[in-house]
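These notes are about the structure you will find just below.
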Amino acid sequence: MNLSEEIRRLAREKEAVILAHYYTEGAVQDVADFVGDSLGLAQQAAKTDARIIVMCGVHFMAETCKILCPGKKVLIPDPAASCSLAESCPAEEFAAFVRAHPDHKVVSYVNTSAAVKAVTDVVVTSTNARQIVDSFPKDQPLIFGPDRNLGSYLNDLTGRQMLLWDGACHVHERFSVTKILELKAAYPNAKVLAHPECKAPVLQMADVVGSTAKLLKHAVHSEETEFIVVTESGILHEMKKQAPGKTFIPVPPEVSGEVGCACNECAYMRLNTLDKLHRCLLEETPEVDVPAEVRRKALRPIKRMLDISARLGL
Ligand code: 13P
Ligand code: SF4
């Protein structure tokens, strides 16, 4: 039996569901029960009847599973799988920022720690952020954290002036207009697909801006056949799988520099390997836990996001 088959056997034996994000390596995506974006992964966690959830993603995604399913064992193949964006928003500092603006409601991107979610009114992902921001009265002042790029993109879309936390993702910050222009010259018919964590000048060049799931859906279902993909390159695995006849061009980041640099890969997501997934299922560790009080406070804004998304059919 090869490693993937052994992982599937263990998952059955242990009543475990394997959830994987589109940025993990192809072999991990292929062995998972469900591959999705942040919203899809949270939705799957909320409805699973498995005994164990294995989150092949990053730490905040596993925390969200634990908050939604406190009675289940939540495992992560490598506990070092953090997120630079979540790290750019330390909970104590964010809580002080929130306290300094008592008239503001707090909208937090899902890429945050459970402790940040605990001082949040509603969580969003890039799939539902616009609609959720729009659901607040126009005169309601809002704080948005932690991604300054997604935040200013949302301010442009909604005509608001949300107060933005100054955080960013180390992968998406590195994509540059220069590289995209070079690729556009080489592939003049290609459409540009970009994740909203990219900087504003990059987003202005995009034909489609959206979550990983939205970019994938567009790539598969549109008539277009060539795409310059401005996000973490792991998404190309599912794009090629679902649209084998189309051409997908990953964007090399501007500050690659060193030979062998894989700066358009999220080093944290790539910590999820088949070997670690196998060991994690076998030993039922490392487990992710969230202190009860934080869990209780963080559940409300996550549930609010899931309820609004369900109402919107997202
Ligand atoms: P998605 O919700 O679009 O999958 O984004 C998650 C993420 O971490 C992007 O960097
Ligand atoms: Fe976090 Fe960026 Fe990795 Fe997404 S790509 S998980 S935002 S570090």
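Just so you know, ligand 1 is whichever comes first in the structure, and atom 1 is the first atom listed for that ligand. Keep in mind that this is a model prediction, so the values were computed, not measured.
Between Asp37 and Lys214 there is no salt bridge, since no side-chain N of the basic residue sits under 4.0 Å from a carboxylate O of the acidic one. Taking 4.0 Å as the cut-off between side-chain N and carboxylate O, Glu293 and Arg296 count as a salt-bridged pair. Glu226 and Lys191 are not joined by a salt bridge, as no carboxylate oxygen comes within less than 4.0 angstrom of a charged side-chain nitrogen. Comment: Arg311 does not engage Asp307 in a salt bridge, judged by the lack of any side-chain N to carboxylate O separation of less than 4.0 angstrom. Between Glu232 and Arg270, at least one side-chain N (NZ, or NE/NH1/NH2) sits under 4.0 Å from a carboxylate O, which counts as a salt bridge. Using a cut-off of 4.0 Å between Lys/Arg side-chain N and Asp/Glu carboxylate O, Glu13 and Arg9 are scored as salt-bridged.
Remark: distances from the non-hydrogen atoms of Tyr22 to ligand 1 are all 4.0 Å or more. Using a non-hydrogen distance threshold of 4.0 Å, Cys169 does not register as a contact of ligand 1. Contact analysis leaves Thr125 out of contact with ligand 1, as no non-hydrogen atom separation drops below 4.0 angstrom. Taking a 4.0 Å cut-off on heavy atoms, His170 registers as neighbouring ligand 2.
Comparing Lys214, Met269, His195 against atom 3 (O) of ligand 1, the shortest heavy-atom distance belongs to His195. Of the candidates His170, Glu197, Glu232, the one placing a heavy atom closest to atom 7 (C) of ligand 1 is Glu197.
Between Tyr109 and Phe144, the ring-plane angle classifies as tilted under the 30° and 60° cut-offs. Taking the six-membered ring where tryptophan is involved, the planes of Phe227 and Phe248 are essentially parallel, since the angle between them stays under 30° and well short of 60°. In this pair, Phe97 and Phe94 present their aromatic rings tilted. The plane angle is within the 30 to 60° band.
Of all atoms in ligand 1, listed by their number and element, those nearer than 4.0 Å to a heavy atom of Ser211 are 3 (O). Of all atoms in ligand 1, numbered sequentially from 1 with element shown, those under 4.0 Å from a heavy atom of Asp37 are 1 (P), 2 (O), 4 (O). Each of the following atoms of ligand 1 lies closer than 4.0 Å to a heavy atom of His172: 10 (O). Interface of Glu197 with ligand 2, defined as ligand atoms under 4.0 Å from a residue heavy atom, comprises 7 (S). Taking every non-hydrogen atom of Ser84 and a distance limit under 4.0 Å, the qualifying atoms of ligand 2 come out as 8 (S).
With a 4.0 Å cut-off on non-hydrogen atoms, Leu39 does not touch ligand 1 at all.
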Could you walk me through whether Asn149 and Glu173 satisfy the side chain to side chain donor-acceptor pair (under 3.5 Å) test, starting with their C-alpha distance in whole Å, then the side-chain angles of each, then the deciding distance to 0.1 Å, before giving a yes or no? CA-CA 9 Å; Asn149 296 326; Glu173 281 267 283; 2.8 Å; yes
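Of all protein heavy atoms, the one closest to atom 8 (O) of ligand 1 is Asn111 ND2, 3.1 Å. For atom 1 (Fe) of ligand 2, the closest non-hydrogen atom on the protein side is Cys83 SG, 2.4 Å. Looking from atom 2 (Fe) of ligand 2 to the surrounding protein, the closest heavy atom is Cys169 SG, 2.3 Å. With respect to atom 3 (Fe) of ligand 2, the closest heavy atom belonging to the protein is Cys266 SG, 2.4 Å. What sits closest to atom 2 (O) of ligand 1 on the protein, heavy atoms only, is Ser38 OG, 2.7 Å.
Checked against the 6.0 Å centroid threshold, His170 and Tyr268 count as a close aromatic pair.
Counting backbone and side-chain atoms alike, His172 contributes no N/O/S atom closer than 2.8 Å to atom 2 (Fe) of ligand 2.
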